[in-house]
Amino acid sequence: MSETDRTKMKILQSVNPATQRVLPGDFAIATRAQIEETVARANEAWKVYKNLSGSEKATFLRTIADEIEALGDSLVQRAVEESGLPEGRIIGERGRTCNQLRLFAKLVEEGSWVNAVIDEAQPDRQPMPRVDIRKMSIAVGPVVVFTASNFPLAFSTAGGDTASALAAGCPVIVKAHPSHLGTNALVAKAITEAAEKCNLPKGVFASLNGEIETGQVLVQHPLVKAVAFTGSFRGGKALFDLANGRPEPIPVYAEMGSNNPIFILLEKLELEQDSLAEMIANSVNLGAGQFCTNPGILVMQKGKSTEVFLEKLQKAFAELQSAVMLNEGIYEAYRKGKTQSMSSSGVSALFEAKEDGEWKGAPSLAKVSAAHFLENSNLQEEVFGPFTLAVLCDDENQLRQVADALHGQLTATVMVTQEELEKASGLLEVLSQKAGRVIFNGVPTGVEVCHAMHHGGPFPSTTNGKYTSVGTEAIQRFVRPVTFQNIPDTLLPNALKRGNPLQIWRTVNGEKVRT
């Protein structure tokens, strides 16, 4: 692009966080007219796409996965350059992206996800007859997906939000993350080519580049029916407020991060100090701490074994290597958040790696008494990076008080021995009210993509703890139930017709059947 052309349009460029150099490629910011055209086209596509069969949508999802894999090394290399993440991590993330596309393909191909419920007519019922009533879930309309900074593939252009929305029958408009513009362009092209191969309407998928204003315009557009977001609390809450201020409010499914506390009981701490210290240190520093499930709070009782454990944890932190963070903004936010936490009343640093000014997250560890923690809710603000805060309790009662005081979390972990199971039962009860996923004797980093996964939690970890952004249940965010009363069989959707032509599981007169 020439300098003359550059001045005529607003463009964005990606930066390699490892070298801090601008990467090749100019990416134009979408104009208002382009946004309007894109949303209108998505709405027209929805009128066709929502009525596709499960097998047709499954073919589309599998074709997307095939097209992504066909990009080969070019996609991996660009994602590495734009994120600073190692090649192995990107290759693994590509696999996860394609696997979850194929998982949703299986889901929609089988078809029972529509939750068909049928109460057949009872004309002779006394004192009043019952008419025929049938219910199922249908696609809501165009969905806007905001891609994540920390997962350039698995939570981005073709990630779980896009896969689940397309599976539901909703066209997707992706708002590309400014850190991954080249990666987004490659994956967006793969999805577009998959749509063409499957003879789908052009508006079934689109990708737009832009800044904050671009996202605001998309969320406020009257034809957009739902929003998916993975990122900071500030960003997610702003979109949530914007969507609720519309004449027709729409849901924003924002995953906004978490402190993911780990509670370690005394006997476990005493018996497994070395392995616990290594496990937790590695979890905190995994991916430079840039996971939404990074353990940011460790809760334990005071005691000699606790002091020894903290010493071993410091040594484990000292052996960690600082890693490049995703972009300058995240790096600066990490430094600021860590400084604020460590300078809070009652907080003392246990270890802090040296900063080198190269956008690398320095692993850091601090401690605070439970009394100070309970007095200062700001200590619950997420520090996105390789930092964790040890909260030291006087006794089991105070440990329970800390659990009671926690804000909503994506995860909460309990580490105990077999002999401590009875003590842990009350703690698990509290934590199940505070978190979307409760973990036993493990670290929270790593989220399995499966049917049983719930990756969500009470506010402020997400805007709606009822829904997950990982696993097949994520599809339920982009549908709504509709009841069809006394409708002739020929006019009913196939999922509700008499004789069950799709052979899906349905609830008929209160019983699960497939006939």
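This chain uses plain numbering: 1 for the first residue, then up along the sequence.
At least one side-chain heavy atom of His451 sits less than 4.5 Å from a side-chain heavy atom of Leu103. Annotation: side chain of Arg134 is in contact with side chain of Arg498 (closest heavy-atom distance under 4.5 Å). The closest side-chain heavy-atom distance from Gln13 to Leu23 is not below 4.5 Å. Val219 places none of its side-chain heavy atoms less than 4.5 Å from the side chain of Val224. Within the 4.5 Å cutoff, side-chain heavy atoms of Leu410 are placed close to those of His455. Looking at Ile330 and Gln290, their side chains come closer than 4.5 Å, going by heavy atoms from C-beta outward. Residues Ile138 and Arg480 form a side-chain contact, since some pair of their non-hydrogen atoms from C-beta on lies under 4.5 Å apart. For the pair Tyr331/Pro17, no side-chain contact is recorded, criterion being any heavy-atom separation below 4.5 Å from C-beta on.
When the salt bridge (charged side-chain N to carboxylate O under 4.0 Å, His left out) test is applied to Glu381, no partner is found at least two apart in sequence or on another chain. Among residues two or more places apart in sequence or in another chain, the side chain to side chain donor-acceptor pair (under 3.5 Å) test is passed with Ser258 by Asn260, Gln409. In this structure Asp241 satisfies the side chain to side chain donor-acceptor pair (under 3.5 Å) test together with Lys237, sequence neighbours excluded. Listed by chain and number, the residues in a side chain to side chain donor-acceptor pair (under 3.5 Å) with His221 are Glu36 (sequence neighbours excluded). Partners of Thr468 by side chain to side chain donor-acceptor pair (under 3.5 Å), not counting sequence neighbours: none found. Under the rule for a salt bridge (charged side-chain N to carboxylate O under 4.0 Å, His left out), the partners of Arg78 that lie at least two apart in sequence or sit in another chain are Glu82.
In Gln503, the CD atom is crowded: over 12 heavy atoms of neighbouring residues, nucleotides or ligands sit closer than 6.0 Å. The environment of Lys497 atom NZ is dense: over 12 non-hydrogen atoms of other residues, nucleotides or ligands sit within 6.0 angstrom. Crowding of Glu213 atom CD: a count of heavy atoms from other residues, nucleotides or ligands under 6.0 Å not exceeding 12. Taking a 6.0 Å sphere around CG of Asp73, one finds it holds 12 or fewer heavy atoms contributed by other residues, nucleotides or ligands. Around atom CG of Leu491, more than 12 heavy atoms belonging to other residues, nucleotides or ligands sit under 6.0 Å away. Enclosure of atom CZ in Arg21 is not indicated, since only 12 or fewer non-hydrogen atoms of other residues, nucleotides or ligands lie within 6.0 angstrom.
A salt bridge is defined here as a Lys NZ or Arg NE, NH1 or NH2 lying under 4.0 Å from an Asp or Glu carboxylate O, and Lys336 with Glu332 fails to meet this definition. Of the charged side-chain nitrogens involved, at least one lies within less than 4.0 Å of a carboxylate oxygen, so that Lys225 and Glu248 count as a salt-bridged pair. Between Glu44 and Lys47 there is a salt bridge, with a side-chain nitrogen of the basic residue lying less than 4.0 Å from a carboxylate oxygen of the acidic one.
Between Phe240 and Phe233, the gap from one ring centroid to the other reaches at least 6.0 Å.
Looking at every heavy atom in both residues, Ile504 comes nearest to Ala495 through CD1-CB, 3.9 Å. Considering every non-hydrogen atom in both Thr411 and Pro444, the closest pair reads OG1-CB, 3.2 Å. Minimum heavy-atom separation, Arg246 to Pro222: NH2-O, 3.6 Å. Nearest heavy-atom pair, Thr157 versus Val174, reported as atom, atom and distance to 0.1 Å: O-CG2, 3.8 Å. Taking all atoms of both residues into account, the shortest heavy-atom contact from Ile35 to Leu218 is CG2-CD2, 3.7 Å. Taking every heavy atom of both residues into account, Leu496 and Ile118 meet most closely at O-CD1, 4.0 Å.
We find the CZ-CG distance between Phe440 and Leu431 to be 12.5 Å, quoted to the nearest 0.5 Å. To the nearest 0.5 Å, atoms CG (Leu107) and CH2 (Trp113) are separated by 7.5 Å. In this structure, the separation between CD1 on Ile90 and CG on Leu85 is 5.0 Å, given to the nearest 0.5 Å. Remark: Lys466 NZ to Tyr253 OH distance equals 8.5 Å, nearest 0.5 Å. Taking CZ of Phe205 as the reference point, atom CD1 of Ile173 lies at 10.0 Å (rounded to 0.5 Å). Note that CG of Leu428 and CD of Gln433 are 11.5 Å apart. Values are rounded to the nearest 0.5 Å.
The stretch residues 505-515 participates, sequence neighbours left out, in these salt bridge (Lys or Arg N to Asp or Glu O under 4.0 Å) pairs: Glu110-Arg514. Listed by first and then second residue, the ring-ring contact (aromatic ring centres under 6.0 Å, His included) pairs that reach into residues 14-60 come to none, sequence neighbours excluded. The salt bridge (Lys or Arg N to Asp or Glu O under 4.0 Å) pairs that include a residue from residues 53-66 are Arg62-Glu109, Asp66-Arg102, where partners are two or more places apart or lie in different chains. Sorted by first and then second residue, the ring-ring contact (aromatic ring centres under 6.0 Å, His included) pairs involving residues 154-201 (not counting sequence neighbours) are Phe151-Phe155, His177-His180. Listed by first then second residue, pairs satisfying salt bridge (Lys or Arg N to Asp or Glu O under 4.0 Å) with a partner in residues 90-99 read Arg89-Glu93, not counting sequence neighbours.
Judged by distance alone, the side chain of Glu193 and the main-chain N or O of Glu67 form no donor-acceptor pair under 3.5 Å. Judged purely by atom type and a 3.5 angstrom limit, Glu255 has no side-chain atom pairing as donor or acceptor with the backbone of Ser469. Of the possible polar contacts, none joining the Asn259 side chain to the Ile297 backbone as a donor-acceptor pair under 3.5 Å is found. Side-chain atoms of Gln34 come within 3.5 Å of backbone N or O of Thr31 as a donor-acceptor pair. Listed for the Thr388 side chain is a donor-acceptor partner under 3.5 Å among the backbone atoms of Pro295. Between the side chain of Asn509 and the backbone N or O of Glu120, at least one donor-acceptor pair lies under 3.5 Å. Judged by distance alone, with hydrogens and angles left aside, the side-chain atoms of Lys175 form a donor-acceptor pair with the main-chain N or O of Gly210 at under 3.5 Å. The backbone N or O of Pro201 sits nowhere less than 3.5 Å from a side-chain atom of Arg41 that would complete a donor-acceptor pair. Counting only distance, with no hydrogens or angles, the side chain of Lys434 and the backbone of Leu406 share a donor-acceptor pair below 3.5 Å. Of the possible polar contacts, none joining the Gln485 side chain to the Val131 backbone as a donor-acceptor pair under 3.5 Å is found.
In summary, the side chains of Asn16 and Glu81 do not present any donor paired with an acceptor at a separation below 3.5 Å, with no hydrogens or angles considered. Side chains of Ser149 and Ser179: a donor-acceptor N/O pair is absent below 3.5 angstrom, by distance only.
Among Asn184, Thr147, Thr38, the single residue meeting the side-chain hydrogen bond (donor to acceptor under 3.5 Å, both in side chains) criterion with Ser207 is Asn184.
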Show every donor-acceptor pair shorter than 3.5 Å between a side-chain atom in residues 163-172 and any protein atom, with sequence neighbours excluded, or say none if there are none.
residue: Ser164; atom: OG; partner: Gly160; partner atom: O; Å: 2.7
residue: Ser164; atom: OG; partner: Asp161; partner atom: O; Å: 3.1
residue: Ser164; atom: OG; partner: Arg477; partner atom: NH2; Å: 3.0

